Amino acid sequence: MQTALNAPGMQAHDQASQSVLENGLDGEPNVGSIRAMDKELASDEASIKFKRTRNSLLNIHILPPEILGKIFHWNVMLRGDFGGLEKGSHNFLFICHHWFEVALRTPEIWSFWGDTPRDWARCHTRSATAPLDLVLSGVNDDGDCLNPTLINVLQDRTSRDTIRRVHLRSGNPQLLRSILSSLTPQCENMRPSQMQSFILWNWEVTPVDVSDFVTHRYFPELQRLDLTRCTISSWDLLRSRSGALTELHLNFVNPTPTPTTLQLLSILASNPHLQEVALLHQAVPDDHTDAPFRVPLHHLRQLLLSGDLRHVFGLLQQLEHPATLDRLGITLYNCTEADVPQVIGPYLRSHLQRRGRSPSGLGLSLSCDRRIVFNVGEGGGNHSEAAQMDSVVELSVRLGQSPPKDLLGKTAMDLIAFVPPEDIVDFWGNNEPVDMGDIYTRLPNLKTLFLNRIHLPAVFPGPNFGEQGSIPSSVKTLTLQRLMVGNNDWSSLTTFLALRASSGERLDILKILHFNHMCREVRESIEGMVHEFAAVNMHNSRCPSCEL
């Protein structure tokens, strides 16, 4: 083994030695001894031991093995939840014998075997004591089941309690079942002290049963449980198997059986240090049971829920969480127009009031395209995109299958009525959701305005600057992206800018991105009426004579 691994290393050493002979040994403390040995190394009779002795005199050996091992570990460690090994990640093994020995004495280097069964087969023999991060990325799954050798290796790891993380995602349920079977102990009531994280994302419609893996043992150190398209036979048993969770993510479609309200609340209550909870689709109970207790989640920072409106709000009433959540995300189905003023709006206002006023103001993002997407976050950051906003409330509301746009627009305006208008300083609008004149009237303190995929004349509904229904005078930054512009529509923009300039209220920044066309005269006119102007043209096909 060492001879095979050291052959490339000796070639690298010979090249390094030649470079040293040509370029000198400036900075080396043992330059005299090294030069003398270089002369001996030029002969064919030099032994491997002699070459290693010469190598040990170089500056690289000043670096403590502990630090060198940490550098090696950083090169091959698991990144994110499903990060795979890059090609050549273990090439440090072939540099020299010293590096190879340091690597062998650093067990953490062998904690991550890669993200495919083929990678696992190559790496599992390196260290049997390192805590294992077992990762399957869903790419090149290599068949429907593990080979017998890997099955035995995983069973041995399970019995010796040397598995730290299990992160699996795949569209191959048979392979997932094969892996889970190998990781499930034969005897029950084991207490694996190493397991910290278990993630299983099944991409197929048919759920994967994780009952045996999850319920056959108690996980005293399990901090993260993340299941997608899975099923568990006993939700009551799951409650008794964990108590240290900080993250619980359940995304279920057609699980059998579905958890009841009492079962889910019991699971949450048994993990009082939860910081992130995501209950999506049918992970939210539908039994309409009023529990005799509320669950205190005092450490919660992120709460994501999706499902039928009545099921979601029934669950919300059973939870006690801090007012200052970093993120509250709610996706609601089967909503009616009346639900906004009666249920959704009051909850939104109550949540924002509990948070208190933001010193930098709030940003509001609104999109109406088959559904209402309504996000509120920290404003005042001059973000170029709504995605860059730090959302504190994310609402997605579905009104039936194909609601008319005028109903979406009206319902969106009803939602805006429950947001403190004086606090909104940034606004993102997508797909011409509502009458922009109503937006400007209800949000008089806007400083930045970002509009995407909108007809240009709709941006300027007010006939004159400063009148009701026109862009507020407080707006200093205007970004228009992917505009729908007719041949004569630019006049609405230039008229608005001229009125602002004549009043002494010129815009600070105007950005026009990815539009149809703009002739040279229009651009020159705009440049004279704003402090800073930037335009990125997509194409000029509708106006071949125009130039930028």
Side-chain angles (χ1 to χ4, degrees), residues 73 75-87 89-90 108-128 130-185 192 194-217 219 222-232 247-253 255 278 280:
H73 177 222
N75 199 51
V76 297
M77 66 186 298
L78 173 64
R79 287 176 172 80
D81 292 334
F82 297 98
L85 290 174
E86 296 183 4
K87 186 177 181 179
S89 296
H90 286 93
E108 280 287 333
I109 291 177
W110 312 108
S111 292
F112 178 41
W113 293 349
D115 59 352
T116 68
R118 190 174 301 161
D119 291 337
W120 303 353
R122 286 197 300 263
C123 295
H124 74 81
T125 59
R126 296 298 186 185
S127 176
L132 174 61
D133 297 329
L134 189 69
V135 177
L136 179 71
S137 70
V139 180
N140 300 323
D141 284 343
D142 299 334
D144 292 337
C145 62
L146 298 180
N147 64 53
T149 300
L150 281 178
I151 291 175
N152 291 333
V153 168
L154 294 183
Q155 289 176 343
D156 175 65
R157 284 285 194 155
T158 299
S159 65
R160 292 189 294 108
D161 187 21
T162 58
I163 299 179
R164 180 172 53 192
R165 298 184 182 94
V166 176
H167 294 181
L168 311 174
R169 64 178 180 183
S170 175
N172 188 337
Q174 288 181 283
L175 178 60
L176 291 174
R177 295 186 187 101
S178 175
I179 297 172
L180 289 178
S181 176
S182 304
L183 296 172
T184 301
Q194 292 285 338
M195 182 74 73
Q196 299 176 8
S197 176
F198 178 59
I199 300 174
L200 194 149
W201 295 353
N202 170 32
W203 293 336
E204 283 295 308
V205 175
T206 304
V208 171
D209 193 338
V210 298
S211 302
D212 289 343
F213 177 84
V214 174
T215 60
H216 272 70
R217 47 196 163 165
F219 297 92
L222 187 66
Q223 299 175 17
R224 184 176 183 188
L225 180 62
D226 188 339
L227 305 177
T228 294
R229 287 194 175 91
C230 298
T231 185
I232 298 177
E247 298 181 33
L248 176 64
H249 293 207
L250 303 177
N251 182 2
F252 291 161
V253 179
L280 308 181

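This is a predicted model, so every value here is computed, not measured.
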Side chain proximity check, [X] to [Y], heavy atoms < 4.5 angstrom:
X	Y	answer
C230	P207	no
I199	L168	no
R169	H167	no

Would you check if there is a donor-acceptor pair between the side chains of W201 and N251 at a distance under 3.5 Å?
no
Distance alone, cut at 3.5 Å: any donor-acceptor contact between the side chains of S170 and N172?
no
Closer than 3.5 angstrom, by distance alone: can the side chain of N202 be matched with the main-chain N or O of T228 as a donor-acceptor pair?
no
Scanning both residues in full, the closest heavy-atom pair of R229 with F252 reads N-CD2, 4.3 Å
If you compare all heavy atoms of V210 against all heavy atoms of L227, which two are closest, and at what distance to 0.1 Å?
CG2-CD1, 4.1 Å
Which value, rounded to the nearest 0.5 Å, describes the distance between M195 atom CE and R164 atom CZ?
11.5 Å
Mind checking the OG-CG spacing from S111 to L134? Nearest 0.5 Å is all I need.
12.0 Å
Side-chain atoms of residues 146-157: list all donor-acceptor pairs with protein atoms under 3.5 Å, sequence neighbours left out, distances to 0.1 Å.
| residue | atom | partner | partner atom | Å |
| --- | --- | --- | --- | --- |
| N147 | OD1 | T149 | N | 3.0 |
| N147 | OD1 | L150 | N | 2.8 |
| N152 | ND2 | P148 | O | 3.3 |
| D156 | OD1 | R160 | NE | 3.4 |
| D156 | OD2 | R160 | NE | 2.9 |
| D156 | OD2 | R160 | NH2 | 3.0 |
| R157 | NH1 | A130 | O | 2.5 |
| R157 | NH1 | T162 | O | 3.3 |
| R157 | NH1 | T162 | OG1 | 3.2 |
| R157 | NH2 | S127 | O | 2.8 |

Among D209, V214, D212, L200, exactly one meets side chain to side chain contact (heavy atoms under 4.5 Å, CB included) together with L180. Which residue is that?
L200
Establish, yes or no, whether a centroid distance under 6.0 Å links the rings of F219 and F198.
no
